[in-house]
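See structure below.
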Amino acid sequence: MFEMRSFLSTTASNNTAEGGSEENQTFYALNHGICSLLFKTTLCSISVTFVDKDGEEKLIKVPIGMSMLEAAHENDIELEGACEASLACSTCHVIVMDVEYYNKLEDPTDEENDMLDLAFGLCETSRLGCQVIAKPELDGVRLAIPSATRNFAVDGYVPKPH
């Protein structure tokens, strides 16, 4: 189902200082707490495969409650995030490769849909990586990274992970 691993995390408290959404922080803290109670200070994680524009695959473990954008940055996967997850761009556009997993996601908000309209290579299972949050039902999901992005701020800029 999903992997359990020991991990001491300060992500939930750091998100508040960095402006992460309260809802995501609560979700992360709640899931971390449940995993900690059930599995004695372990953090639940899921397997996620990123497929780059050349078809190269990278399998990573993503803690429950973390966005795919943050997970990509922490694992040196080239997924841009020009607006730093503020829903002001479409540079973290990913394509959920299996509609079964896509259907397990919450519906995109109007703000996310507005940004997706600007995304390069938009398709039926497109989402913004900053809005896809790891949860146990997504264990095994495969996400394709489009071959290009539309960054209206600075063309060609590649952000560095935080």
Side-chain angles (χ1 to χ4, degrees), residues 2 7 9-29 31-32 43-54 56-98 101-102 104-123 125-162:
F2 52 93
F7 188 78
S9 174
T10 58
T11 303
S13 61
N14 287 344
N15 273 346
T16 304
E18 295 171 5
S21 82
E22 188 173 324
E23 181 179 300
N24 284 345
Q25 293 165 25
T26 303
F27 179 78
Y28 184 88
N31 282 293
H32 182 116
L43 179 65
C44 302
S45 66
I46 61 170
S47 296
V48 176
T49 302
F50 281 90
V51 181
D52 71 14
K53 63 184 177 193
D54 299 319
E56 303 257 341
E57 297 186 5
K58 184 167 184 180
L59 176 66
I60 63 171
K61 297 295 181 187
V62 180
I64 300 299
M66 180 180 280
S67 76
M68 295 302 119
L69 175 62
E70 185 179 358
H73 286 181
E74 286 191 3
N75 288 277
D76 297 322
I77 294 170
E78 290 190 32
L79 181 61
E80 199 171 338
C83 74
E84 298 183 354
S86 66
L87 271 175
C89 75
S90 63
T91 60
C92 66
H93 171 217
V94 295
I95 299 166
V96 181
M97 298 179 73
D98 184 339
Y101 282 103
Y102 181 84
K104 293 177 182 181
L105 296 171
E106 306 252 343
D107 289 337
T109 63
D110 289 341
E111 294 83 5
E112 181 180 0
N113 279 326
D114 288 346
M115 290 299 105
L116 282 170
D117 287 341
L118 305 173
F120 178 86
L122 185 66
C123 68
T125 59
S126 290
R127 292 299 299 265
L128 296 180
C130 65
Q131 300 301 300
V132 178
I133 307 300
K135 59 183 180 178
E137 299 84 3
L138 296 180
D139 187 45
V141 69
R142 295 167 44 85
L143 302 173
I145 300 173
S147 59
T149 63
R150 289 191 177 127
N151 183 347
F152 296 105
V154 180
D155 195 28
Y157 173 70
V158 178
K160 294 185 175 41
H162 299 279

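Few gaps surround CD on Glu137; more than 12 heavy atoms of other groups in view lie less than 6.0 Å from it.
Between the OG atom in Ser126 and the CG atom in Asn113 there is a gap of 10.5 Å [rounded to 0.5 Å]. Note that CE of Met97 is 9.0 Å distant from OG1 of Thr49, once rounded to the nearest 0.5 Å. Annotation: the span from Leu116 atom CG to Glu111 atom CD amounts to 11.5 Å, rounded to 0.5 Å. Rounded to the nearest 0.5 angstrom, Glu112 CD and Cys130 SG are separated by 7.0 Å. Going from atom NE2 of His73 over to atom CE of Met68 covers 13.0 Å, rounded to the nearest 0.5 Å. One finds the CD1 atom of Ile60 at 4.5 Å from the CZ atom of Phe50 (value rounded to the nearest 0.5 Å).
Every residue two or more places apart in sequence or in another chain was checked for a side chain to side chain donor-acceptor pair (under 3.5 Å) with Thr125, and none qualifies. The salt bridge (charged side-chain N to carboxylate O under 4.0 Å, His left out) check on Lys104 picks up Glu100, with sequence neighbours excluded. Here Glu56 pairs with nothing under the salt bridge (charged side-chain N to carboxylate O under 4.0 Å, His left out) rule; sequence neighbours left out.
Of the possible donor and acceptor atoms, none in the side chain of Ser45 sits under 3.5 Å from a partner among the backbone N and O of Lys61. Side chain of His93 to main chain of Phe120: a donor-acceptor pair is present (N/O by atom type, distance under 3.5 Å, no hydrogens or angles). Checking side-chain atoms of Asn75 against main-chain N and O of Ile77 turns up no donor-acceptor pair under 3.5 Å.
Scanning both residues, Leu69 and Glu80, for their nearest heavy atoms gives CD1-O, 3.3 Å. Of all non-hydrogen atoms in Ile46 and Ala134, the two that sit nearest each other are CD1-CB, 3.7 Å. What you find for Pro146 and Val94 is that their closest heavy atoms are CD-CA, 4.3 Å.
For the pair Leu138/Ile133, no side-chain contact is recorded, criterion being any heavy-atom separation below 4.5 Å from C-beta on. Under the 4.5 Å side-chain criterion, counting only non-hydrogen atoms from C-beta, Leu143 is in contact with Val96. Looking at heavy atoms from C-beta onward, Glu78 lies out of side-chain contact with Asp52 at the 4.5 angstrom threshold.
Of the candidates Ser90, Cys89, Cys83, Ser67, Ser90 is the only one forming a side-chain contact (heavy atoms from CB on, under 4.5 Å) with Leu128.
With salt bridges taken as basic N to acidic carboxylate O contacts below 4.0 Å, one links Glu57 and Arg142.
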